[in-house]
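Accompanying notes for the structure given below.
Note that the structure is predicted; figures quoted are calculated from it, not measured. Residue numbering restarts at 1 for every chain, and letters A, B, ... go by the order of the sequence lines.
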Number of protein chains: 2
Amino acid sequence: MAIPRAAKTQRRTRIQEEKEEIILEAALDVFSVHGFKGATIDQIAEVAGMSKPNLLYYFRTKEAMHRALIDRVLDTWLDPLREFDAEGNPEAEIKSYIRRKLEMARDFPRESRLFANEILRGAPSIMEELDDLRKLVDEKVEVIRAWVKAGKIGRCDPYHLIFSIWATTQHYADFDVQVRAVLGPTRSGDGRFEDAARFLEQLYINGLQIRP
Amino acid sequence: MAIPRAAKTQRRTRIQEEKEEIILEAALDVFSVHGFKGATIDQIAEVAGMSKPNLLYYFRTKEAMHRALIDRVLDTWLDPLREFDAEGNPEAEIKSYIRRKLEMARDFPRESRLFANEILRGAPSIMEELDDLRKLVDEKVEVIRAWVKAGKIGRCDPYHLIFSIWATTQHYADFDVQVRAVLGPTRSGDGRFEDAARFLEQLYINGLQIRP
DNA sequence: GGATAATTTGACCGGTTGGTAAACATTACA
DNA sequence: TGTAATGTTTACCAACCGGTCAAATTATCC
C-alpha cells in the first residue's frame with residue numbers, strides 16, 4: 001500500500017537489481033548520444049522496453065538516472081590512471097597506460113561519450129568528482145617528475161603529458177564518426193585501434209626520450 | 001505586405017547583416033554548450049536580446065540557425081590543415097600546425113565545442129562535409145608519406161599522426177573545464193596554452209624522430 | 001511627408017516533455 | 001493459500017518547445 005520507492009528501500013530485490021541494470025544500460029545508450037537535455041525519458045523507456053512510469057518507479061527523476069550513470073562510469077574510468085605505478089619502469093608503464101585507455105575507448109565508447117558530453121556542458125554535476133580527479137593526477141604527476149629527475153625520461157610537463165594521453169586515446173571513442181569517415185570503409189575495421197596503439201606508443205617512447 | 005523572408009531576399013539590408021550576426025553569435029553560445037537538441041530558441045533569443053519570432057524571421061527554423069553556424073565554422077576550422085605545406089620542412093610545418101590549432105582552441109573554444117557536440121551526436125548533419133574532410137586529409141597524408149620516404153621523419157602512420165594532433169589541441173577547448181580543474185586555479189591562467197605548445201612541440205619533434 | 005517594404009512583437013497552437021495519481025498485476029512470504 | 005509488499009500500466013497534467021499569424025512599429029525611398 002505504501003509506496004516505498006525502489007531507490008529508498010534498504011534491501012534491494014532481485015527485480016530491482018535486474019531492472020535498474022536494464023534501465024541504466026538503456027540510459028547510457030541515449031544519454032551518450034544526445035546529452036542530458038537532449039535525451040528524453042520516453043526514448044530511454046523505449047530502449048529499455050518498459051513504460052515511462054515504470055522507469056520513474058526505479059529512478060525518481062531523469063536527473064537521478066543520469067547521476068547514477070555518471071557515478072558508476074567515473075569510478076571505472078579512472079582505474080587505468082590509478083594503476084600507474086611509480087615502481088615500474090617508464091616505458092612499460094606508459095605503454096600499458098596507452099593500451100588500457102585505448103581498450104576502454106574501444107570497449108566502452110558510450111561511457112567515454114557520456115563523460116565527454118558532461119564536460120562539454122561545463123560539468124555542472126561533477127564538480128566534486130573533478131576535485132578527486134585533481135588529487136589523483138597530482139599524485140601521478142609526482143611519479144612522472146621522479147622519473148624525470150632520475151633521468152629515466154626527458155624533461156616535460158607532466159600535466160600536459162597526461163592530458164595528451166587522455167586526448168589521443170579518448171578521441172577514438174568520442175570522435176569515432178570522424179575517425180571512420182577519414183579512414184574510409186577499408187581502414188575502419190577493428191584494426192584501427194591496433195594501428196593507433198602502435199603509433200602512440202612510438203610517439204611517446206621517442207617523444208619522451210625514454211631510454212630502455 | 002508580402003513577407004519576403006530575410007533569408008530569401010537576394011539583396012541583404014544592413015539590418016539583416018547586423019541581426020543575423022547577433023543571432024549567430026548568440027546561437028553559438030547556446031548550441032556549443034547544450035548541443036542541438038538541448039538548445040532552445042527561447043534561450044538563443046534571450047542571449048541575442050530579441051524576441052523569438054524575430055529570430056525566426058531571420059532563420060526560419062532552429063535547424064537553419066544550426067546549419068548556418070556549422071557551415072561557417074567548418075570552413076575556417078580546416079584552414080590550418082589546408083596550409084600544411086609539402087614544400088616546407090617537417091619540423092617547421094608540424095610546429096606551426098600545432099601552434100595554429102592551439103590558438104584556435106584558445107580563441108574559438110565555442111566553435112570547437114559546437115563541432116565536438118555535432119560529432120558526438122554522430123554527425124547527422126555534416127556527413128557530406130566529412131567527405132570533403134577525408135579528401136583533404138588524404139592529400140596531407142601523402143605529404144607526410146613523402147617526408148617519411150625522404151627520411152625526414154621516422155616511419156609512422158600519417159592518419160593517426162593527424163588524429164593525435166587534432167585530439168591533443170582540441171582537448172584544451174572541448175575539455176577546458178576538466179583541464180582547469182586538474183591544473184588548479186594557479187596554473188589555469190592563459191599560460192597553460194604556452195605550456196601545452198611547448199610540451200606538444202617537444203613530443204612531436206622527438207616522437208617523430210625529426211632530424212633538424 | 002506619405003506610400004511601401006522591412007522589421008518586431010504579443011498572442012497563440014499543436015505536439016512533446018518530465019513527472020504524477022491511482023488502479024491493476026505480480027511477487028514474496030507466512 | 002492468503003495477504004501485504006512490490007511492480008506495472010493507463011490516463012493524465014502542467015510546463016515547455018518549435019513554429020505561425022496578424023497586427024503594430026520602424027526604416028526606406030520617392
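B/His66 and B/Phe31 have perpendicular rings, their planes meeting at more than 60° on a 0 to 90° scale where under 30° would count as parallel.
Here C/dT8 is the nucleotide among C/dT8, D/dT8, D/dG19 with the atom lying nearest to any side-chain atom of B/Ser51. With D/dT9, D/dC17, C/dT17 as the choices, the nucleotide that has an atom nearest any side-chain atom of A/Met50 turns out to be D/dT9. Of all nucleotides listed (C/dT20, D/dT20, C/dT7), C/dT20 comes nearest to the side chain of A/Leu56. Listed candidates were C/dA11, C/dT20, D/dT6. Nearest to the side chain of A/Gln16 is D/dT6. Distances from the side chain of A/Thr61 to the nucleotides D/dG19, C/dG19, D/dC17 place C/dG19 closest. Looking at the side chain of A/Pro53, the nearest of the listed nucleotides C/dT9, D/dA11, C/dG19 is D/dA11. Side-chain proximity of B/Tyr58 to D/dT10, C/dT7, D/dC21: nearest is C/dT7.
In this structure, A/Ala45 reaches neither bases nor backbone, as no heavy-atom distance under 4.0 Å exists between it and the strands shown. Backbone-only contact: B/Ala39 has heavy atoms under 4.0 Å from sugar-phosphate atoms and none from a base.
Considering CD1 of A/Ile162 and CZ of B/Phe199, their distance stands at 9.5 Å, rounded to 0.5 Å. The structure places CG of B/Asn54 at 11.5 Å from CZ of B/Phe59, a figure rounded to the nearest 0.5 Å. Atoms CD1 and CD1, from B/Ile98 and B/Ile165 in turn, are 5.0 Å apart once rounded to the nearest 0.5 Å.
To the nearest angstrom, C1' of C/dT17 lies 12 Å from CD1 of A/Ile44. Following rounding to the nearest Å, B/Lys62 (NZ) and D/dT20 (P) show an atom-to-atom distance of 14 Å. Residue A/Ile41 contributes atom CD1, which lies 15 Å from atom P of D/dC16 at whole-angstrom precision. Taking atom CG of A/Leu55 as the reference point, atom P of D/dG7 lies 14 Å away to the nearest angstrom. The NZ-P distance, from A/Lys52 to C/dG18, rounds to 7 Å in whole Å. Here C/dG18 presents its P atom at 15 Å from CD1 of A/Ile23, a figure rounded to the nearest Å. Residue B/Arg60 contributes atom CZ, which lies 16 Å from atom C1' of C/dT7 at whole-angstrom precision. Taking atom CD of residue A/Glu18 and atom P of nucleotide C/dT27, one finds them 11 Å apart after rounding to whole Å.
In DNA chain C, stems built from 3 or more consecutive Watson-Crick or G-U wobble pairs, each with both distances under 3.5 Å, span C:1-30 with D:1-30.
Judged by a 6.0 Å distance limit and a 45° cone about the ring axis, A/Lys95 is not positioned over the six-membered ring of A/Tyr204.
Donor-acceptor pairing under 3.5 Å is lacking for the side chains of A/Asp85 and A/Tyr97.
Contact check, A/Lys19 against D/dT8: a side-chain N or O comes under 4.0 Å of OP1 or OP2. Residue B/Tyr57 has no polar side-chain atom (N or O) positioned under 4.0 Å from OP1 or OP2 of C/dT8.
Checked against B/Asp176 for a salt bridge (charged side-chain N to carboxylate O under 4.0 Å, His left out), the options B/Arg110, B/Arg192, B/Arg106 give a single hit: B/Arg192.
Around the CD atom of A/Glu46, the shell of radius 6.0 Å holds no more than 12 heavy atoms that belong to other residues, nucleotides or ligands.
For B/Asn54 and A/Asp42, each mapped to the nucleotide of DNA chain C holding its nearest heavy atom, the one lying further toward the 5' end belongs to B/Asn54.
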